[in-house]
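Okay, so here's the structure we're looking at.
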Number of protein chains: 2
Amino acid sequence: MVTIYDIAERANVSAMTVSRVINNTGKISEKTRARVKRVMEEMNYVPNQNARSLVLQETRTLFLLITDITNPFYTTLARGAEDAAIHNGYRLLFGNSDESLDKESEYVQTILSTRVDGVLVAPAGDPSLPHLEKLRQHKVPFVLLDREVPGIECDLVLGDSKEGCRKLVEHLIERGHRKIAMINGSSSVSSARLRLQGFMEALKLNDMPFDLADIHEASFGPRSDLSGIEAWLDGMPELPSAIVAGNNVLALEVLSVLRKRGLAVPDQLSLVCFDDFGPYAEYDPFITVVAQQAYQFGYLGMQLLIERIRKREQAGPWKKIVLPAELVVRRSVADIRGTPT
Amino acid sequence: MVTIYDIAERANVSAMTVSRVINNTGKISEKTRARVKRVMEEMNYVPNQNARSLVLQETRTLFLLITDITNPFYTTLARGAEDAAIHNGYRLLFGNSDESLDKESEYVQTILSTRVDGVLVAPAGDPSLPHLEKLRQHKVPFVLLDREVPGIECDLVLGDSKEGCRKLVEHLIERGHRKIAMINGSSSVSSARLRLQGFMEALKLNDMPFDLADIHEASFGPRSDLSGIEAWLDGMPELPSAIVAGNNVLALEVLSVLRKRGLAVPDQLSLVCFDDFGPYAEYDPFITVVAQQAYQFGYLGMQLLIERIRKREQAGPWKKIVLPAELVVRRSVADIRGTPT
DNA sequence: GTTTAAAATGTTATCGGTAACTCTAACCTA
DNA sequence: TAGGTTAGAGTTACCGATAACATTTTAAAC
């Protein structure tokens, strides 16, 4: 590999002069600058980022850790984060934890040992706490996306899960639905808890009964095994008229099971969910959703992160951004007012 | 930051001894090993990967550069690559070039300057050549995924684009379609060229006429502006009975335009495409596709890459893996045999 | 109780950069 | 013209780790 010393030798200057040319620091005569630059091109010089990071104690690299690289919510979020990072002169690297604490832990190790300047994290859940504490301990600035973790104070970009879910349920109630079930992510994930709360509050506000059997706790991450959903449906004394899915992945899984059973959406069962479907939103059955501003999650989160990095200790109190979730009515909900059950 | 020197001091040994404990090299008495380990835990030591990479001249980190992080083909591929990397004790970092040569160039710069041990690249297209030459020049092992680039010899994992596309067209012909149009990615992308070839060959083999106006060259990457597709459809003297889309993104874009025009699939127009839709495959209109083994692209590509890295110079001739593409018949194609046009 | 080999640990140089300081002319200035 | 600036370099030390070699300690052998 070509180093600044090789360049220095060929250009008849010291290594320091080469370094100055690269970084545009100090005073260099135009003549030597041109000569050094020419030699660098000739020799195809590429600076060694590791050496540089070592002495500078900064990498100009940020990290985005998401939990499901196949979910359009996160990939859109990633695009937002990427744009904001590049815009501010940072490199961005991605990692995918797959909703697994072990993988998350591995990535945290990578993050610490490569000394990136900051991290955007969508945590796997509440048990991510030790991972975040590790980041904090090592003074790596981080911003949490989409999910809060009790026990850690930090900058946050969240969606309005409770309110969003309430909107979904109220939309269903308005259309005459009285038996509504919910399938949700793990209760160790803050957004899942809030969505459940929104669900319950909406029922209570409308004096509707609530049966524990109507709630099914699954996982926000994709699973090949749908038998849990099957068992849940089988276990209910009577089928609900509508199902609320805690996120888009779950909605698809439910859809898949319903299809297998020959249950049409929305004719025989209505289905709504949290999160939109990216480019697939327009597909039949045109699922009615509460859409989040995925791109903004990434973009704003990145801005918070970069501000923290810039101001370091004097960055003031933690910020919390809550992005509204908007109901997008499509065609997955039947209007059953006046219809006998 | 805690360094091995801090550890060394507290444990009353030399830095070298600490290094030996970390790497399990050399001979260390059990007593000191235990003591050093305890101190490392106490002080929350994390090795500095930059320092290590600098002296070892290797990073144990690989890089995956894809062109569209929102496309299920690439995210599934990414999962495969990730699994294979972890399986072999490597870290994997991702980058997203967005089908842009500029971004790709940026990432190549990052790859070179961070001295990763190898790269898996889905190139933006033929003009990626200089980027790949740069990697070659700096002796960074790489494997190309999904797309070939004329002018560069290397390991490859490709899909059988020509044959796959021929299957699509023949499926249409079998069902009575005689006027078939195609929307494709940029002709500077090898897979797009092969898919077009497959399309044309199938027409020729079946003695079907071919009209240049039936072919529309767009982009494999997602676009918000669909006016090109609109103009294309408007420009045709008569609408085709079926459209072949060069990839899944294009199929969705066509679908969106058709929907806007009130044209139902498959009743008024049939639609098929290359690449499947991941979790969205089961959605209406159940698009008939030629599915690729996306996960295998990543997994096998990673294996090729790691083998190259292990054997370095003695790795033998370039390997080329061509993965078959399988026709998955769903419900986006009308059978119009015997129907007057 | 030496000698000697093996085991355990330490010293020094180095990876490729940059910060901080030093040096040397050329140029001002009174 | 002596003294002070300043532009344009160079020197040296260090970032945090490891390789290669050097040294000390331990234990076995005679």
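Letters go in sequence order (proteins before strands), and every chain restarts at 1. Values below: every heavy atom of this structure, side chains too, minus hydrogens, waters and symmetry copies.
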Distance check: side-chain N/O of [X] vs OP1/OP2 of [N], anything under 4.0 Å?
X      : N       : result
S53(A) : dC15(D) : no
K27(B) : dA7(C)  : yes
S29(A) : dA7(D)  : no
Q57(A) : dG16(D) : yes
Y45(A) : dG17(C) : yes
S14(A) : dG10(D) : yes

[X] [atom1] to [N] [atom2]: how many Å, rounded?
X       : N       : atom1 : atom2 : value
Q49(B)  : dG16(D) : CD    : P     : 15 Å
E58(B)  : dA17(D) : CD    : C1'   : 14 Å
M16(A)  : dA7(D)  : CE    : P     : 17 Å
R33(B)  : dT9(C)  : CZ    : C1'   : 13 Å
R20(A)  : dA20(C) : CZ    : P     : 12 Å
L56(A)  : dA19(C) : CG    : P     : 6 Å
L112(A) : dG16(D) : CG    : C1'   : 16 Å
N23(B)  : dT18(D) : CG    : C1'   : 8 Å

Check whether N71(A) reaches the backbone of F73(A) with its side chain - one donor and one acceptor, N or O, closer than 3.5 Å.
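Yes, because the side chain of N71(A) sits within donor-acceptor range (under 3.5 Å) of the backbone of F73(A).
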Please confirm whether the backbone N or O of L101(B) pairs with a side-chain atom of S105(B), one donor and one acceptor, at under 3.5 Å?
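Side chain of S105(B) to backbone of L101(B): no pair is present.
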Evaluate the salt bridge (charged side-chain N to carboxylate O under 4.0 Å, His left out) criterion for residues E30(A) and R33(A): first the C-alpha distance (whole Å), next the side-chain angles of each, then the deciding distance (0.1 Å), finally the verdict.
CA-CA 5 Å; E30(A) 268 318 309; R33(A) 180 190 305 279; 3.4 Å; yes
Taking atom types as modelled, is there a side-chain donor on D126(B) or S188(B) under 3.5 Å from an acceptor on the other?
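No.
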Do we see a donor-acceptor contact under 3.5 Å between the side chains of Q49(A) and T114(B)?
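Absent: no donor and acceptor within the cut-off.
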With hydrogens left out and only the distance checked, is there a donor-acceptor pair under 3.5 Å joining Y5(A)'s side chain and the base of dG17(C)?
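Check passes, donor-acceptor contact within cut-off.
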Under 4.0 Å, heavy atoms only, any strand: does I4(B) hit a base, just the sugar-phosphate, or nothing?
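I4(B): base contact, heavy atoms under 4.0 Å.
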